[in-house]
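Here's the structure, in structure tokens; my notes come after.
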Amino acid sequence: MNATNTSNKSDDAARVDGAATDTHPFRYTGELAQGIEARWQDRWEAEGTFNTPNPVGPLADATRFLDADGAARPKKFILDMFPYPSGTGLHMGHPLGFTATDMYARYQRMTGHNVLYTMGFDAFGLPAEQFAVQTGQHPAITTNQNIANIRAQLRRLGLSHDQRRSISTTDPGYYRWTQWIFLQVFNSWFDPETKKARRIDELIAEFEAGTRQPSDADGVARSWADISAAERGLELDGWRLAYVSNAPVNWCPGLGTVVANEEVTSDGRSDRGNFPVFKRNMRQWMMRITTYADRLIDDLDLLDWTEAIKSMQRNWIGRSEGAFVHFDSSAGLISVFTTRPDTLFGATFMVLAPEHSLVDALTTPEQATAIAEYRVQAAAQDDFYRQNEGREKTGVFTGSFATNPLNGAQIPVWIADYVLMGYGTGAIMAVPSGDQRDFEFARKFGLDIVAIQQPADRTLDTSTWAEAFVGDAPYANSSNESLNLDGVTSVAEGKHLTNEWLTAHGRGEATITYKLRDWLFSRQRYWGEPFPIAYDLDGNPHGLPDELLPVSLPETDQFSPRTFDPDDSMSNPESPLDRLTDWVNVELDLGDGLQPYRRDTNVMPQWAGSCWYEMRYLDPTNEVDFVDPANEAYWMGPQTEGGSGGVDLYVGGVEHAVLHLLYARFWHKVLFDLGHVTSCEPFHRLFNQGYILAAAYQDQRGMYVEAADVVAADGGYSHDGLPVTREYGKMGKSLKNAVDPDEMCAQYGADTLRLYLMAMGPLDASRPWESKDVVGVHRFLQRVWRNIVDEATGGIRLLPHDADEETVRQLHIAISGVREELDNLRFNTAIAKLIEFNNHLTKLGGCPADMAEPLVKMLAPLAPHAAEELWQKLGHTESVTYEPFPVANPALLVADTVEYPVQINGKVRSRVTVAADADAGTVQAVALADEKVQSVLAGGTPKKIIVIPGRMVNIVA
RNA sequence: GCCCGAGUGGCGGAAUGGCAGACGCGACGGACUCAAAAUCCGUUGUCCGAAAGGGCGUGUGGGUUCGAGUCCCACCUCGGGCACCA
């Protein structure tokens, strides 16, 4: 079967494994491995070996779900970040993470856990749509082809997925529930009192009961009973967690769609496609993720994630504690946000963002031209330029002054582009003595700099200062008749006193701001989930009732959104669904008879489908609920009092640290608040795998050349006879250094690839791929095989006796070590310890009869196909999958005698062998009696002797 | 600039404060072979030495300790994230 259609690949295999088949027909070669692997993959599939029972529903199976005592077996929910089914299939980064979770899943099965482990596809999105545009083929067709291709690749790796649970986000049976969850969000509001999402009905009930009043209109209080239906709708929309807004959004003409803040790079371009992005006011769907900012930060403490990822999330949310301060001006109150209210005495001017709404009112006639020019200039700059630190400060005086509330000083109001409209209030109080940016601005424009703290190494004469002072130092020049900070030495105390004063005098209040913005949730594209929303003739959005779900993506052959010149900032989005007027215009009965409606023509962003997919794995065919509560509670529920609950292990790349992980946590929390799930976090333990790097080579023009064709030549490297330079980079197409997982399977077998991927180094570290190193773990499998199997006959060939005492000890050391390493996802050292034990057996000339089964069981999670084959050869008819993993006997871990290194002044000078149960005194006596020790001491008396039982002896001479 | 990581043989990497370099690659020597490949056995941090043995060694400089790759302080380099965020 292999020989017929893969001539290239079997040539490769022959080169590696040579003529082994002539003299050793049953040697473990790449070819033999492939035969074994195909056979076991077939059998696993036929027998449903990895099907996992649920507590309830169609996947329930009480005999496998319950233990011998009739109790639910302990669970492990092990999850990979699901792949996008790209046309080029899996790259090596996928098998890296997938192998780790598979090994862990298999190990957990062998330690008595009910393991949920499957794989789905995040299949909506741009590339499929773009490919469809190019080929004219419907994205559903290419998507399904790609999924089938990737399934075959996954199967070849021997991943122990429960196939019945696999989903694609593009299945109508799946996105029906994505739409349903959207409606849950749409029909919810955030109650600031309880800090939880509640049903919109409960808000309406509060309005109707009069316990809550609608917001004021133009400062005039209103009552629910007196306002119109349209006004009520607007009021509710102002509370909904999903809402249509006309706020500034990121418009990307090159993509023809708007994108979320998180999808815009720091230089103001689209994450996908690298097109310019422009801030434009547009009517778009938003999600009120900002209401969850505090909980998204606070609940990180419940999670077993690395500090790096937690800090990225905290950073992105950007919680900042400070105060609002209100300044009087000729144009009314100007509010600023500051984290240093304690420095208010030093505020000598104010700066507004050029876009600030009060600028016109503040600008005096004399300054009007200068201000107008500056605003035009600022508007023309892109974010990249504007946020480029180190740029010389620019700004223009408005001609007006504001009053410092603490000391009544009249301070000039400027505009400058270093103040951003999107953060805080878009206005700052400038304290040049305490803020470096303000300091630079004041120096450039000759504005006052008043010291309000007395740093130990400076005078209060700020003309001698080279920079602003930030930190703790006693206050100075900081008192008025009712507030005196002078003499206070801590900034914290200064802030506290100032905030009290501001509140008492109505000039401000303590507050918290966030960098996080609401999540822009609509896209003007085709290949995504349609919104389950219809607009009435007045343009008011209505959520569709459950029975109208799913809102299927309509058929068309015009998939392409209109894209524009990437720099055409004034272009307007045109969604592909707009064109499908038959679909857009519908008559629906939403409670008051058939009425004409217009469907929403946006689609959801690709993140929508990945916000909850892990829960659909729990109950993939459920038609009445997105997941049965009993199934959710078992698989996701908190395992300890006050625990977060969630997936037990989530493995994936760090590139999702902010986007996917933040959005998914947000949706999950809404579902938690509404009582749909019992876990308050979706992913309890997150593990970020490293990248696979590989050597990449550039020719002298700087172009990358195919790394596979580069040869080492006299100290350097060459390609096609021309010299090239080497660097290391993420393995992939762009650097032309990709290695195909399928090729590796063909050459060595999947078990070898799996072991190599894991043996390369710690899972969280990025590591360079070296194809020549793969043979190391292949030899290991070969040696295990040879220790158990006769290479000439294929039959079992063990040593005819049981293991000696030392070998038994080595076994138990290996069991204990391998368990410890697997428990902690340290696959590299787990493999090393297994190799070590097998090397011990090899030195014995083979495997003692009683060592074979424990060895094969320990191998089973790591190299499952080879282990199954060996297990079967050892006479078993059942799969090794559910065999109990060996348990170390602590009594057998220690030898009768211990060899102590003897250090003299910290250097090892000798070794003595002492009975394992010898006390410290005995060890010391033996060490001192040692000849070499005596000769090094040369008759001197040791000052001190330290004996660490079981470890070592150190003599201080 | 701020926040995370990380610096160990020729290479990938191991080491609860207790024998630095497990395990693997490569290299070198040997077995098998007509030969090569594959496989197997052995050696392999480095310097001095014929050897016995000894010196030096975990980015740099200090410190704590009987003992530091590991803990503390300062610095250097590299990787990642954030950034005129008030």
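Computed from coordinates, the A/I692 CD1 to B/G79 P distance equals 20 Å when rounded to whole Å. Between the C1' atom of B/A37 and the NE2 atom of A/H24 lies a distance of 13 Å, rounded to the nearest Å. Taking atom CD of A/E307 as the reference point, atom P of B/G81 lies 18 Å away to the nearest angstrom. Remark: P of B/A86 and CD1 of A/I512 are 13 Å apart, rounded to the nearest angstrom. Across the protein-nucleic acid pair, A/W769 atom CH2 and B/G12 atom P stand 16 Å apart, rounded to whole Å. Distance NZ (A/K310) to C1' (B/G81): 17 Å, rounded to an integer number of Å. Between the P atom of B/U39 and the CZ atom of A/F26 lies a distance of 19 Å, rounded to the nearest Å.
For the P atom pair drawn from B/G24 and B/G42, the interatomic distance equals 11 Å after rounding to whole Å. B/U58 sits 28 Å from B/G81 when the C1' atoms are compared, rounded to a whole Å. Here the separation of B/C78 from B/G59, taken at their C1' atoms, is 10 Å to the nearest Å. Rounded to whole Å, the separation between the P atoms of B/A52 and B/A37 comes to 33 Å. Using P as the reference atom, B/G7 and B/C11 are 15 Å apart when rounded to the nearest Å. Separation of the C1' atoms belonging to B/A14 and B/C25 is 15 Å when rounded to the nearest angstrom. The P atoms of B/A68 and B/G10 are separated by 24 Å, rounded to the nearest whole Å. Rounded to whole Å, the P atom of B/A74 lies 38 Å from the corresponding atom of B/C23.
Under 3.5 Å, the side chain of A/N315 and the base of B/C82 form no donor-acceptor pair of N or O atoms. Between the side chain of A/K943 and the base of B/C66, no donor-acceptor pair under 3.5 Å is found. One can find a donor-acceptor pair under 3.5 Å joining the base of B/C19 and the side-chain atoms of A/R911.
Salt-bridge check for A/E821 with A/R819: failed, with every basic side-chain N at 4.0 Å or more from each acidic carboxylate O. Look at A/E820 and A/R826 and you find a salt bridge, because one of the NZ, NE, NH1 or NH2 atoms lies within 4.0 Å of a carboxylate O, short of that distance. The residues A/E440 and A/R443 are annotated as not salt-bridged, no charged nitrogen and carboxylate oxygen being separated by less than 4.0 angstrom.
Within residues 434-441 of chain A, the residues having any heavy atom under 4.0 Å from RNA chain B are, by residue number, A/R437.
Here B/G49 is in the anti range [glycosidic angle more than 90° from 0].
A/Y418 carries A/K393 over the face of its six-membered ring, with the cationic atom under 6.0 Å from the centre and within 45° of the normal.
Taking the centre of each ring, A/W305 and A/F687 stay at or above the 6.0 Å mark. Checked against the 6.0 Å centroid criterion, the rings of A/F26 and A/W785 do not qualify as a close aromatic pair.
Distance from the side chain of A/V956 is smallest to B/C66 among B/A86, B/C66, B/G13.
Taking the six-membered ring where the residue is Trp, A/Y28 and A/H778 present tilted rings, their angle falling between 30° and 60°. Between A/H840 and A/F837, the angle of the ring planes stays under 30°, which puts this pair in the parallel group of the 30/60° scheme. Between A/W769 and A/Y756, the ring-plane angle classifies as perpendicular under the 30° and 60° cut-offs.
The side chain of A/S320 places an N or O atom within less than 4.0 Å of a non-bridging phosphate oxygen (OP1 or OP2) of B/A86. Side-chain nitrogen and oxygen atoms of A/K515 include none within less than 4.0 Å of the OP1 or OP2 phosphate oxygen of B/C85. Between A/K907 and B/C56 there is a side-chain N or O to OP1 or OP2 distance below 4.0 Å.
Nucleic acid contact class of A/R319 (heavy atoms, under 4.0 Å, all strands): none. As judged by a 4.0 angstrom heavy-atom cut-off over every strand, A/T425 is placed among residues making no nucleic acid contact. Among the protein residues, A/T842 comes within range of the sugar-phosphate backbone only, with heavy atoms under 4.0 Å from sugar or phosphate atoms but none that close to a base. At a threshold of 4.0 angstrom between heavy atoms, the contacts of A/M952 include nucleobase atoms, whether or not backbone atoms are also involved. Residue contacts shown for A/K843 are limited to sugar-phosphate atoms, with no base heavy atom under 4.0 Å away.
Of the two residues near RNA chain B, A/K944 and A/M760, the one whose nearest nucleotide lies more 5' is A/M760. Comparing A/T338 and A/W316 against RNA chain B, the residue whose closest nucleotide sits nearer the 5' end is A/W316.
At most 12 heavy atoms of other shown residues, nucleotides or ligands fall within 6.0 angstrom of atom NZ in A/K932.
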Q. Should A/L502 and A/L344 be marked as a side chain to side chain contact (heavy atoms under 4.5 Å, CB included) after you check the CA-CA gap, both sets of side-chain angles, and the distance that decides it?
A. CA-CA 10 Å; A/L502 287 169; A/L344 179 51; 4.0 Å; yes
Q) What string of B, S and - do you get for nucleotides 20-33 of chain B 5' to 3' if you count protein non-hydrogen atoms under 4.0 Å? A) --BSSSS-------
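You'll find the side chain of A/V818 stays beyond 4.5 Å of the side chain of A/L862, heavy atoms only. Residues A/L735 and A/M731 fail the side-chain proximity criterion, which asks for heavy atoms closer than 4.5 Å. With a 4.5 Å cut-off on side-chain heavy atoms, A/V926 and A/V923 do not count as touching.
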Q.
If a pair means Watson-Crick or G-U wobble with both distances below 3.5 Å, what does RNA chain B look like in dot-bracket form, with | marking bases paired to a different strand?
A. (((((((..(((.....[....)))((((((.......))))))((((....))))..(((((..]....))))))))))))....
